[in-house]
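Here the structure is a predicted model, which is why all the values come from computation and not from measurement.
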Amino acid sequence: QVQLAESGGGLVQAGGSLRLSCAASGHTLIFNSYTMGWFRQAPGKEREFVATIVRWSESTSYADSVKGRFTISRDNAKNTVYLQMNNLKPEDTAVYYCAATNTYCSGIRCYSLQLYDRWGQGTQVTVSS
C-alpha cells in the first residue's frame, strides 16, 4: 500500500512563492510507475485539479488558473513529487492534496479526481493580500 505525505504549506503574501513536497512510501513502491497529481480544495468549494505529471513519460499538465505560475516535477530517486508555486494569489488559498494512480491516463483524463486512488492528508496554503 502506498502512503503519501505532503509538506511545505504555509502562509505567504500575494506574489510570493512556496514549494510543496509529497513523499511516497510503501513496501512494494515503484514510484515511477505512478502518475502523480496535485489537487486543492478551498473552503466551501469542491476539490479541483491543479497539476499532473504522467508516469514514464514525465508529461505535465496544468489547470488554466495556475498555468505559467506553478510547476510540477518529480524526483524518482527520492520517491517525491513537488509543486513549485510562484506569484501566488489569494485565490490560491486552499488545502493542497497530493494523489497517485497507477492506472494509465493521458490528456484530460489525468485531471479526474476519480482516477486517483491514493491521497495524502493535505497541506494548507494561505495567501494573504
Side-chain angles (χ1 to χ4, degrees):
Q1 185 76 345
V2 176
Q3 291 87 41
L4 303 175
E6 303 96 335
S7 61
L11 173 64
V12 64
Q13 288 188 330
S17 297
L18 283 174
R19 188 176 82 154
L20 305 183
S21 300
C22 172
S25 62
H27 181 62
T28 58
L29 175 67
I30 303 174
F31 183 67
N32 58 1
S33 71
Y34 285 86
T35 289
M36 302 299 296
W38 285 98
F39 295 80
R40 67 186 182 186
Q41 188 165 17
K45 295 189 176 181
E46 293 189 351
R47 194 170 298 188
E48 65 176 7
F49 166 77
V50 174
T52 185
I53 183 163
V54 179
R55 66 180 187 177
W56 309 127
S57 73
E58 308 293 315
S59 172
T60 59
S61 299
Y62 300 90
D64 288 343
S65 58
V66 306
K67 204 171 292 184
R69 300 188 297 122
F70 290 12
T71 302
I72 188 171
S73 62
R74 65 194 298 163
D75 184 335
N76 291 324
K78 295 182 178 180
N79 293 344
T80 300
V81 63
Y82 303 98
L83 186 68
Q84 177 67 44
M85 306 186 295
N86 298 329
N87 190 21
L88 282 159
K89 304 176 180 181
E91 51 264 42
D92 294 319
T93 295
V95 177
Y96 283 71
Y97 297 91
C98 170
T101 180
N102 58 7
T103 299
Y104 173 77
C105 69
S106 64
I108 63 172
R109 185 164 182 262
C110 299
Y111 300 9
S112 171
L113 276 72
Q114 287 71 31
L115 185 71
Y116 296 83
D117 52 7
R118 295 161 176 87
W119 292 82
Q121 293 300 305
T123 185
Q124 176 70 46
V125 171
T126 303
V127 184
S128 62
S129 57

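- Nearest heavy atoms, C105 versus V54: O-CG1, 4.0 Å.
- Minimum heavy-atom separation, V50 to V66: O-CG2, 3.6 Å.
- Closest heavy-atom contact between A94 and A42: CB-N, 3.8 Å.
- Proximity of V125 to L20: side-chain heavy atoms (C-beta onward) are separated by under 4.5 Å at one or more points.
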Report task. Would you check, one step at a time, whether the test salt bridge (charged side-chain N to carboxylate O under 4.0 Å, His left out) holds for K89 with D92? Result -> CA-CA 5 Å; K89 304 176 180 181; D92 294 319; over 6 Å; no
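- Between V81 and C98 the shortest heavy-atom distance is CG1-SG, 3.9 Å.
- Contact detail for C110 and T52: the closest heavy-atom pair is CB-CG2, 4.0 Å.
- Residues R40 and S65 form a side-chain contact, since some pair of their non-hydrogen atoms from C-beta on lies under 4.5 Å apart.
- Nearest heavy-atom pair, S106 versus Y104, reported as atom, atom and distance to 0.1 Å: CB-OH, 3.5 Å.
- Grouping the Ile, Leu, Val, Met, Phe, Trp and Tyr side chains by contacts below 4.5 angstrom, directly or via other members, places V95 with F49.
- No more than 12 heavy atoms of other residues, nucleotides or ligands shown are found within 6.0 angstrom of NZ on K45.
- Counting heavy atoms from C-beta outward, Y96 and E6 have side chains that stay 4.5 Å or more apart.
- With values rounded to the nearest 0.5 angstrom, N32 atom CG is found 10.0 Å from R55 atom CZ.
- Taking the six-membered ring where tryptophan is involved, the planes of F39 and W119 are tilted, since the angle between them lies from 30° to 60°.
- The number of heavy-atom neighbours closer than 6.0 Å to CD1 of I30, taken from other residues, nucleotides and ligands shown, is 12 or below.
- Going from atom CG of L88 over to atom CZ of R69 covers 6.5 Å, rounded to the nearest 0.5 Å.
- Atom OG of S25 sits about 8.5 Å away from atom CG of N79, to the nearest 0.5 Å.
- In this structure, CG on N102 lies 12.5 Å from CZ on F31, to the nearest 0.5 angstrom.
- In this structure, W38 and M85 have side chains that are not in contact, with every pair of non-hydrogen atoms separated by 4.5 Å or more.
- Relative to the ring axis of Y82, R19 places its NZ or CZ within 45° and under 6.0 Å from the centre.
- Cation-pi check for R118 over Y34 is not met; the charged atom does not lie both under 6.0 angstrom from the ring centroid and within 45 degrees of its normal.
- Between N76 atom CG and W56 atom CH2 the span is 8.5 Å, to the nearest 0.5 Å.
- For Q121, the CD atom sits in a loose shell: 12 or fewer heavy atoms of surrounding residues, nucleotides or ligands are nearer than 6.0 Å.
- Although no hydrogens or angles enter the test, the distance criterion places no donor-acceptor pair under 3.5 Å between the side chain of E48 and the main chain of E46.
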Query - Residues M36, L83; criterion side chain to side chain contact (heavy atoms under 4.5 Å, CB included); working and verdict - result: CA-CA 11 Å; M36 302 299 296; L83 186 68; over 6 Å; no
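- Considering L18, T93, L11 in turn, T93 is the only one that fulfils the side chain to side chain contact (heavy atoms under 4.5 Å, CB included) rule with V127.
- The line from CD1 of I53 to OG1 of T60 is 6.5 Å long, rounded to the nearest 0.5 Å.
- For the pair Y62/T71, a side-chain contact is recorded, criterion being any heavy-atom separation below 4.5 Å from C-beta on.
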